[in-house]
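What follows is a single structure, written as structure tokens, with notes after it.
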Number of protein chains: 2
Amino acid sequence: MSRAAQQPPAARPTLEAVAARAGVGRGTVSRVVNGSPRVSAKARAAVEQAIAELGYVPNQAARSLVTSRTDAVALVIPESVAKLSSEPYFSDIITGVSAELADSDLQLLLVLVRDEHERERLTRYLAARRVDGVLLVSVHQDDPLPELLERLELPAVLSGRRSAQETLGYVHADNAGGARAAVRHLLSRGRTAIATVTGPLDMEAAAARLAGYRQALDEAAVPADEGLVAHGDFTEHGGREGMRDLLARRPGLDAVFCASDLMAAGAMQALREAGRRVPQDVAVVGFDDSVVARHTEPPLTSVRQPTEEMGRLMVRLLLEEIARPARLRRQVVLPTELVVRESA
Amino acid sequence: MSRAAQQPPAARPTLEAVAARAGVGRGTVSRVVNGSPRVSAKARAAVEQAIAELGYVPNQAARSLVTSRTDAVALVIPESVAKLSSEPYFSDIITGVSAELADSDLQLLLVLVRDEHERERLTRYLAARRVDGVLLVSVHQDDPLPELLERLELPAVLSGRRSAQETLGYVHADNAGGARAAVRHLLSRGRTAIATVTGPLDMEAAAARLAGYRQALDEAAVPADEGLVAHGDFTEHGGREGMRDLLARRPGLDAVFCASDLMAAGAMQALREAGRRVPQDVAVVGFDDSVVARHTEPPLTSVRQPTEEMGRLMVRLLLEEIARPARLRRQVVLPTELVVRESA
DNA sequence: CACACCTGTGGGAGCGCTCCCACCGCGATG
DNA sequence: CATCGCGGTGGGAGCGCTCCCACAGGTGTG
């Protein structure tokens with residue numbers, strides 16, 4: 001087909017063109033576009049009309065070049081373990097982040113980091129300051145990214161923290177408190193041999209959940225039994241394996257607290273294999289209260305953390321830090337809540 | 001706290017600085033950075049060393065300004081229905097897109113469009129050509145975005161299509177074929193009163209699945225019965241409602257094909273409420289083979305579509321189109337596969 | 001009535017890059 | 001021996017914007 005009628009994709013109008021049409025200078029147009037108050041009503045009206053008539057949209061690259069802002073933030077997800085879809089936690093964070101960002105004029109860059117190579121790419125990218133700030137989720141203790149962010153003096157907010165001495169801003173849930181509530185609930189239902197499947201302990205969230213589990217037992221004067229502690233990795237597979245271990249070591253257990261819903265789902269599979277009924281023989285509690293919790297059979301009692309709200313809050317903290325970088329980093333802990341269903 | 005020691009965040013070196021250090025001109029550095037072959041080995045080595053020594057990273061804004069490329073693509077997800085986390089389909093697309101993009105040097109912008117206001121924001125954004133291309137998923141028949149993309153002559157690839165006459169490039173699964181396979185499977189197991197819960201019929205994928213269902217019954221000379229067709233919206237809630245309707249209208253049904261796994265999960269809840277056993281009384285088949293399928297009780301037989309691969313393929317098509325825009329748009333249909341589990 | 005001061009304005013400079021043209025030196029060619 | 005071609009090179013121009021300085025014109029003060 002002839003493309004003779006093809007017109008050069010309609011060269012976009014520039015600031016200059018708008019200025020000419022409105023009969024004002026470039027400076028005035030720029031002031032209107034950027035919402036400066038130092039513009040007369042008359043000039044403003046003329047400029048706004050010219051903008052509308054020409055369909056002017058500012059060129060972000062030109063703006064960036066001179067302001068050295070990018071009006072974009074990156075959400076970095078280390079996808080070390082599994083796929084995004086099996087971790088509803090990430091999806092909920094994304095939803096919250098995106099929602100909160102929609103009200104600002106920032107764009108959301110999604111960066112999944114699968115391997116070393118991709119981490120290097122990200123490093124170069126951040127060094128080039130191609131974003132104004134970074135949201136980092138699922139932080140591990142030895143994760144090199146937080147340090148990089150500090151070195152680059154790039155505004156950043158974590159979900160989770162490296163340790164209790166975290167220097168960057170962060171948002172996380174009351175992991176210890178949630179775990180405590182879960183175990184207390186099991187105790188109150190008369191369970192006595194309560195096991196746990198932990199998350200990866202190089203993540204503070206996982207360590208805190210284990211600590212909460214221990215506290216609750218301690219409070220109730222239940223003697224500690226390391227045989228009742230299995231280590232998982234937040235995944236379904238890890239939950240299944242952990243549960244099998246536990247059943248082998250302590251066949252008499254009558255409850256298990258899993259540090260994620262996915263692990264709880266895996267644990268329930270292992271229990272079913274072993275012929276144990278949930279909750280009659282073994283009560284199960286998860287953590288996250290993600291969609292998975294509603295799809296297990298029986299539905300899973302779980303510790304709800306406000307994941308989406310955490311995403312929103314991360315954005316708010318990040319915007320604050322971008323606005324005034326020197327300030328002390330804010331660190332926020334959100335409450336959790338036990339959602340009781342049939343599994344416990 | 002005193003910030004006396006505060007140093008200006010280490011002004012990043014420019015092309016010019018590299019050129020000076022390497023003892024060459026700006027042009028040569030630019031050629032090296034952009035991989036032009038027209039550079040002598042000697043000059044190249046000198047430049048590369050200077051780059052390493054200075055830690056030079058090109059300024060993307062400056063580059064963009066002159067090339068009018070952005071090296072970014074947007075993945076647009078109309079989040080009309082529910083949350084991201086309850087739709088594993090989207091997560092898998094994201095995973096695939098991100099993986100494929102990692103090998104190119106493009107960035108992924110994630111844009112969730114929740115309402116009219118956010119759509120307008122996106123429209124302005126696209127008009128400003130702040131991305132080199134767009135991936136659009138979950139396309140509805142009356143969706144204004146595809147038309148906008150055509151008008152803007154912005155490279156774009158859809159997942160799903162508006163109709164069989166789609167003019168834009170797209171990738172989708174063999175929806176009709178998958179549905180046919182599902183229903184044939186049910187027929188082969190001796191089911192005779194096979195119902196279906198459809199997706200939103202303004203999406204071609206949903207319409208095609210319904211068509212496939214009808215074809216399979218037709219081939220088997222099973223008389224059509226509109227009472228066995230309920231309309232859902234791909235969500236769990238829709239599946240539950242649809243199933244209740246079906247049970248009310250045709251209590252004798254012995255199988256149901258649901259156009260999504262989520263609806264199948266909802267349908268199974270409704271069946272349980274009604275005291276029907278799955279699969280003994282009613283066999284259930286879903287569509288997507290998402291993580292949900294493995295978490296239902298019993299595990300769900302489902303039509304697998306290669307969602308992640310679809311994401312990757314969308315990126316490949318988009319890159320092609322960005323490279324040479326005038327070409328005919330490629331349209332690809334990927335095969336589906338029935339994964340048999342215990343629900344049917 | 002001279003002066004300072006404030007609001008609103010125009011436009012030069014310059015952000016860091018790519019594009020392109022001019023030019024250099026060399027070996028091959030007539 | 002003059003001419004050409006060609007790989008390799010330097011650097012001017014310019015992308016579209018913001019920043020900032022200079023300046024116009026009005027208002028208020030001594």
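Naming: A, B, ... by sequence-line order, numbering from 1 per chain.
For the pair B:Glu16 CD and D:dA13 C1', the computed distance is 14 Å after rounding to whole Å. Taking atom CG of B:Asp71 as the reference point, atom C1' of C:dC17 lies 13 Å away to the nearest angstrom. Going from atom CZ of A:Arg69 over to atom P of D:dT18 covers 9 Å, rounded to whole Å. What separates CZ of B:Arg26 from P of C:dC15 is a distance of 12 Å, to the nearest Å. A straight line from NZ of A:Lys42 to C1' of C:dT9 spans 12 Å, rounded to a whole angstrom. The distance between atom CZ of A:Arg12 and atom C1' of D:dC15, rounded to the nearest whole Å, is 12 Å.
With contacts defined as side-chain heavy-atom distances shorter than 4.5 Å, the pair B:Glu16/B:Arg26 qualifies. Annotation: side chain of A:Gln331 is not in contact with side chain of A:Arg161 (no heavy-atom distance under 4.5 Å). Annotation: side chain of A:Arg162 is in contact with side chain of A:Thr167 (closest heavy-atom distance under 4.5 Å). At a threshold of 4.5 Å between non-hydrogen side-chain atoms, the residues A:Val57 and B:Arg130 do not count as touching. A 4.5 Å side-chain heavy-atom check between A:Leu319 and A:Leu106 finds at least one atom pair inside the cut-off. Looking only at side-chain heavy atoms (C-beta outward), A:Gln107 and A:Val131 stay at 4.5 Å or farther from each other.
Less than 4.0 Å separates DNA chain C from at least one heavy atom of each of the following residues of residues 58-67 of chain A: A:Leu65, A:Val66.
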Where does DNA chain D pair, written as one dot-bracket string 5' to 3', with Watson-Crick or G-U pairs under 3.5 Å, ( ) inside the strand, [ ] for crossing pairs and | for another strand? ||||||||||||||||||||||||||||||
Stepwise side-chain contact (heavy atoms from CB on, under 4.5 Å) test for A:Val32 and A:Val24: CA-CA 11 Å; A:Val32 171; A:Val24 300; over 6 Å; no
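When distances run from any side-chain atom of A:Asn34 to the nucleotides C:dT18, D:dT18, C:dG10, the shortest one goes to D:dT18.
Donor-acceptor pairing under 3.5 Å, judged by distance alone, is present between the side chain of A:Arg31 and the base of C:dG10.
Regarding contacts with the backbone of D:dG10, a side-chain N or O of B:Thr28 is found under 4.0 angstrom from either OP1 or OP2.
Both A:Tyr56 and B:Gly27 lie close to DNA chain D; mapped to their nearest nucleotides by heavy-atom distance, the more 5′-ward contact belongs to B:Gly27. Residue order along DNA chain D, read from the 5' end via each residue's closest nucleotide, puts B:Arg38 first among B:Arg38 and A:Ser30.
Looking at heavy-atom distances under 4.0 Å, B:Ala43 makes contact with sugar-phosphate atoms alone, never a base.
Looking at B:Arg121 and B:Glu118, no side-chain N of the basic residue comes within less than 4.0 Å of a carboxylate O on the acidic one, giving no salt bridge.
The side chain to side chain donor-acceptor pair (under 3.5 Å) check on B:Glu309 picks up B:Arg316, with sequence neighbours excluded.
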